[in-house]
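We name chains A, B, ... by the order of the sequence lines, and we start the count at 1 in each one.
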Amino acid sequence: MSMRVELDEPKCVASGQCVMAAPEVFDQREEDGVAIVLDDGPAPELHDGVREAAAICPAAAIHLVER
Amino acid sequence: MSGILARPADGTTPPDRAYPMTRDLTCPLAPPPGLHTARAESPVGRVRIWNGTTPWLITRHADQRALLVDPRVSNDDHEPGFPYVNAHRAAIAHATPPLITNTDAPEHTRLRRMVNAPFLVKRIEAMRPAIQKIVDDLIDTMLDGPKPADLLTALALPVPSLVIAELLGVPYADHDFFQSNSNLVLDSDASADEARRASGALTGYLDTLLGEKLTAPGEDVLSGMGRRVTAGEMTRTEAVHMGVAMLIAGHETTATMISLGTLALLQHPDQLALLRDDDDPRTVAGAVDELLRYLTIVQTGVRRVAKEDISIGDQVIRAGDGIIFDLAAANWDPEAFPEADRLDLRRPARTHQAFGYGPHQCLGQSLARLELQVVYGTLYRRVPTLTLAAPLDQLAFDHTGTTYGVRCLPVTW
Ligand code: HEM
Ligand code: SF4
């Protein structure tokens, strides 16, 4: 199973919830906290954390393409 | 089933369903039972509020998530149909400048990104040792003092006020002033005049402190906002206002979670034991989210107004209609949390909506989680014999405030 992570940046409200759920895949920009995708094709062992990040993102700004 | 049959043909709620709803006094930690009836019978239904209007009440977890990120759902409280919490809020709405709490994207996004930097998850996490010291010192003082103690004054209220002082960059020498005034702002026994004076004193104090930070900046939040004031991105008044807002939004809420959370754990000794005997940070973090879900202390509902017609389920919310999202209703929705009425510190509770959902979801949530992790992870280990020093039915709860809390929590050990 492969996963691609897409961030709809204008929607991001910089809550950092994705960083808490999957710190290997997301970080926050220093100046305003907007999310950064560190790894848009994360390894399978990170998928659960990334799915959690997408589920808890309060702005629904994280889209996952899984196949 | 009779409730469903009794529904009027247009599917709206019978007009006698008043909001906010009342709790069952024999079950003081549970949300009002009427919310479960509303969710089962008319999950998108009308309720009557204080001013006689009938906004929509949304009670299902999934519906709240869909609507709270919907750009047609607005936080603009200048709209006539906005379902104000009370007469006071209705009266001040038009005099309130655009803030993060009453704007929509893109203005909201701009304002919020302006105040976000100090709340970066990594920066908040870096405060852990400082918060641990604050909590350790307060517990030391409590243990040295007389028994029983009021957990609210000994721990619950001082923790968030000292932490926010630390975050804003209030010098240690001023902590007493800062704390006593912020307690007065929240004290339901204080007169309106006293509260206003205290809030004025805090505003004046933060303005002076901001002035000092402009000349000698540090790494704290006020210095950060000071830099934005210098760069012309924010006015000095906005910066001071934001500082006061952080204090108000973060003080009573966090204090309530400390006291009510402790009460809930004392009522569930098996769960308390779990937290006391397992210091894995993941266990403690999971416990914090489950207690946030179970207690859902914000009891007045998140308020919005529809900007366009919105179809949801078999209903149409019309442009201009008010919408209320009861967070406890979502957090006790059995479709989202099976056996929602059970406090189960091991359940995955992370999708709870105790901090709201959507772009306005709590700005201070990472800080609140950290404070609660430190308190819950420390108090019951250091004071394993902690017990309630009054019968449950003698405790006074706040049924009318924004947050549902206990006014005094006598404990002994
Ligand atoms: C356990 C403690 C807390 C709870 C339960 C809580 C709850 C909430 C809720 C439900 C909202 C959403 C309101 C809405 O959607 O209209 C909110 C917003 C907010 N909270 Fe908290 N809060 C807590 C702690 C804090 C702390 C510690 C701070 C700051 C230091 C804070 C600052 C804010 C601010 C500034 C907003 C407005 C955000 C916006 O409208 O964009 N809160 N909070
Ligand atoms: S959880 Fe969503 S809103 Fe929050 S920082 Fe990540 S992408 Fe942005």
Check your understanding: Got a second to check how far Thr351(B)'s OG1 is from Glu52(A)'s CD, nearest 0.5 Å?
Key -> 8.5 Å
Practice item. Over all heavy atoms of both residues, which pair between Val69(B) and Pro58(A) is shortest? Give the atoms and the distance, please. Key: CG1-O, 3.3 Å
Practice item. Measure distances from Pro23(A) to the heavy atoms of chain B and classify the residue's part below 4.5 Å as side chain, backbone, both or neither. Key: neither
Check your understanding: Between the side chain of Gln28(A) and the main-chain N/O of Val121(B), is any donor-acceptor distance below 3.5 Å?
Key -> yes
Study note, to complete from the structure: So, the part of Arg112(B) with a heavy atom under 4.5 Å from chain A: the answer is side chain
Point to revise | Selection from Lys122(B), His108(B), Gln353(B) maximising heavy-atom pairs under 4.5 Å formed with chain A | key: Lys122(B)
Review point. Looking only at heavy atoms, which two atoms of Ser366(B) and Ser15(A) are closest? And how far apart?
Key: OG-O, 4.2 Å
Point to revise | Tyr357(B) side-chain N/O to Cys57(A) backbone N/O, donor-acceptor pair under 3.5 Å | key: yes
Review point. If you tally heavy-atom pairs under 4.5 Å against chain B, which of Pro10(A), Ala14(A), Gly16(A), Ala61(A) wins?
Key: Ala14(A)
Review point. With side chains defined as the heavy atoms from C-beta onward, is the minimum distance between Val34(A) and Arg113(B) less than 4.5 Å?
Key: yes
**Study point:** Atom group of Gln365(B) that falls short of 4.5 Å from chain A, counting heavy atoms
**Key:** side chain
Practice item. Grab the two heavy atoms, one from Leu120(B) and one from Asp32(A), that are nearest each other, plus how far apart they are. Key: CD1-C, 4.4 Å
Study note, to complete from the structure: The interface call for Glu30(A) against chain B, heavy-atom contacts under 4.5 Å, is both
Point to revise | Toward chain A, the part of Arg110(B) with a non-hydrogen atom under 4.5 Å | key: neither
Check your understanding: Can you tell me if CD on Glu45(A) sees more than 12 non-hydrogen neighbours from other groups inside 6.0 Å?
Key -> yes
Practice item. Flag the one option from Ala21(A), Ala59(A), Cys12(A), Gly33(A) with the top tally of heavy-atom pairs under 4.5 Å to chain B. Key: Cys12(A)
Exercise for review: Kindly compute the distance separating CE (Met20(A)) from CD1 (Ile124(B)), expressed to the nearest 0.5 Å.
Suggested key: 9.5 Å
Review point. Is atom CZ of Arg4(A) surrounded by more than 12 heavy atoms (other residues, nucleotides or ligands) closer than 6.0 Å?
Key: no
